[in-house]
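Each chain gets a letter, A, B and so on, in the order its sequence line appears, and its residues count up from 1.
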Protein chains: 2
Amino acid sequence: MNIGEAARASGVSAKMIRYYESIGLIGSAVRTQAGYRVYEEADVHTLRFVRRARDLGFSVPQIETLLALWRDRSRASADVKQVALAHIAELEARMRQLKQMADTLRHLADNCCGDGRPHCPIIEELSEGAEAASSRSPHASARR
Amino acid sequence: MNIGEAARASGVSAKMIRYYESIGLIGSAVRTQAGYRVYEEADVHTLRFVRRARDLGFSVPQIETLLALWRDRSRASADVKQVALAHIAELEARMRQLKQMADTLRHLADNCCGDGRPHCPIIEELSEGAEAASSRSPHASARR
DNA sequence: GTTGACCTTGCCATCATGGGAAGGTGGATG
DNA sequence: CATCCACCTTCCCATGATGGCAAGGTCAAC
């Protein structure tokens with residue numbers, strides 16, 4: 001099957017299949033004489049694995065690890081669990097950051113009349129900046 | 001004051017100050033004869049505003065809007081609030097995505113013994129893919 | 001033999017940020 | 001005055017995962 005069909009069958013775009021091949025996440029596909037990539041059912045299976053891992057927010061390096069564990073029939077489930085738990089921790093850290101931003105903003109917005117007058121605690125916070133708004137070290141860039 | 005001092009005073013890196021100038025988020029700094037950028041207290045104040053907005057997760061276009069509102073002494077606080085609420089909604093949407101990923105993973109990890117044996121529900125989910133794991137439309141890419 | 005759908009590679013863009021190179025400035029010290 | 005170090009300048013590159021577009025080759029059907 002050609003790349004387009006593999007893309008439809010796996011839910012991974014043709015573009016991304018080529019990309020995954022280029023970075024070595026998946027093996028190089030067999031080519032026809034004309035240079036077309038050819039895929040088997042097993043490849044589609046792998047691609048679906050990758051897509052599901054992406055849907056769960058795993059990064060490409062993590063997926064590399066997961067693929068290796070998948071293929072390793074003598075893997076220890078502890079190794080898989082470790083990757084998963086590390087990722088959960090990462091997701092939770094990101095959630096905490098977002099939550100802190102949202103909470104701060106929500107608090108400010110709740111105190112903003114939202115009418116036609118210029119007075120606004122949101123703008124004030126940004127310009128005068130109560131650094132101590134929430135337990136945050138002075139310049140800890142809470143970005144991303 | 002030079003860019004380095006402005007960076008230290010505002011918490012925005014010199015690199016980013018130049019970047020913000022290049023994209024027009026902040027005005028072009030006055031230059032010395034030698035081409036050095038020169039900053040006043042007011043500029044540092046603006047930079048701090050930008051940094052705080054970034055810390056709250058606002059994108060550059062949103063900060064552009066916020067800066068304009070800040071400078072507009074006849075602004076309507078409703079306009080500021082609208083920007084803030086839209087951003088809160090965005091943050092919450094991202095949190096929901098992350099939460100769904102984390103919940104799914106947590107569930108799988110809870111069912112993984114995490115011992116030396118190969119059997120692992122996490123790997124199984126990825127390879128066999130119970131698409132119906134959590135209310136998620138068939139191929140709704142839950143990406144970012 | 002033409003057409004249309006598909007494939008190939010390659011480059012560009014995203015978004016905010018950092019790194020580094022090559023070269024000019026400025027002030028302090030020998 | 002020469003030297004040195006810290007600073008400044010611009011320019012290019014990289015990130016991560018993804019999409020878009022363009023120019024050109026392939027294939028199958030009609």
Review point. Taking OP1 and OP2 of D:dG19, is either one under 4.0 Å from a side-chain nitrogen or oxygen of A:S13?
Key: yes
**Study point:** Distance below 4.0 Å between B:Y20 side-chain N/O and C:dT17 OP1 or OP2
**Key:** yes
Distance in angstrom units between [X] [atom1] and [N] [atom2], rounded:
X: A:F58; N: D:dA17; atom1: CZ; atom2: P; answer: 13 Å
X: B:R51; N: C:dA16; atom1: CZ; atom2: C1'; answer: 16 Å
X: A:I23; N: D:dA14; atom1: CD1; atom2: P; answer: 16 Å
X: A:E21; N: C:dC7; atom1: CD; atom2: P; answer: 14 Å
X: B:E90; N: C:dC15; atom1: CD; atom2: P; answer: 12 Å
X: A:M16; N: C:dC7; atom1: CE; atom2: C1'; answer: 18 Å
X: B:M1; N: D:dC7; atom1: CE; atom2: C1'; answer: 16 Å
X: B:I3; N: C:dG24; atom1: CD1; atom2: P; answer: 20 Å

**Study point:** Qualifying residue, where the test is side chain to side chain contact (heavy atoms under 4.5 Å, CB included) with A:K81 and the options are B:P121, B:C112, B:C120
**Key:** B:C112
Revision key, fill the gap. The side chain to side chain contact (heavy atoms under 4.5 Å, CB included) partner of A:Y19 among A:K15, A:E21, A:M16 is A:M16
Review point. Is the number of heavy atoms from other residues, nucleotides or ligands under 6.0 Å of A:R73 CZ greater than 12?
Key: no
Point to revise | Residues, nucleotides or ligands: over 12 heavy atoms within 6.0 Å of A:Q82 CD | key: no
Polar-atom pairs under 3.5 Å, protein N or O versus N or O of nucleotides 26-30 of chain D: list them with distances, or write none.
residue : atom : partner : partner atom : Å
D:dT26  : O4'  : A:Y36   : OH           : 3.1
D:dT26  : O2   : A:Y36   : OH           : 3.4

Review point. Reckon A:R37 touches a base, only the sugar-phosphate, or nothing at all at heavy-atom distances under 4.0 Å?
Key: sugar-phosphate
Review point. B:K15 or B:E5: which one's nearest nucleotide on DNA chain D is closer to the 5' end?
Key: B:E5
Point to revise | Closest listed nucleotide, where the reference is the side chain of B:R31 and the choices are C:dG18, C:dA16, D:dT10 | key: D:dT10
Point to revise | Candidate nucleotides D:dT9, D:dA17, C:dT8, ranked by approach to the side chain of A:R18 - the nearest | key: C:dT8
Check your understanding: Is any side-chain heavy atom of A:V12 closer than 4.5 Å to a side-chain heavy atom of A:Y20?
Key -> yes
Practice item. For A:N2 and for B:Y19, find the nucleotide of DNA chain C with the closest heavy atom, then tell me which residue's nucleotide is more 5'. Key: A:N2
Determine all donor-acceptor pairs shorter than 3.5 Å in which one atom belongs to a side chain in residues 83-93 of chain B; sequence neighbours excluded.
residue : atom : partner : partner atom : Å
B:H87   : NE2  : B:L56   : O            : 2.8
B:H87   : NE2  : B:G57   : O            : 3.2

Exercise for review: Establish whether B:I23 and B:Y39 are linked, either directly or via other cluster members, by ILVMFWY side-chain heavy-atom contacts under 4.5 Å.
Suggested key: yes
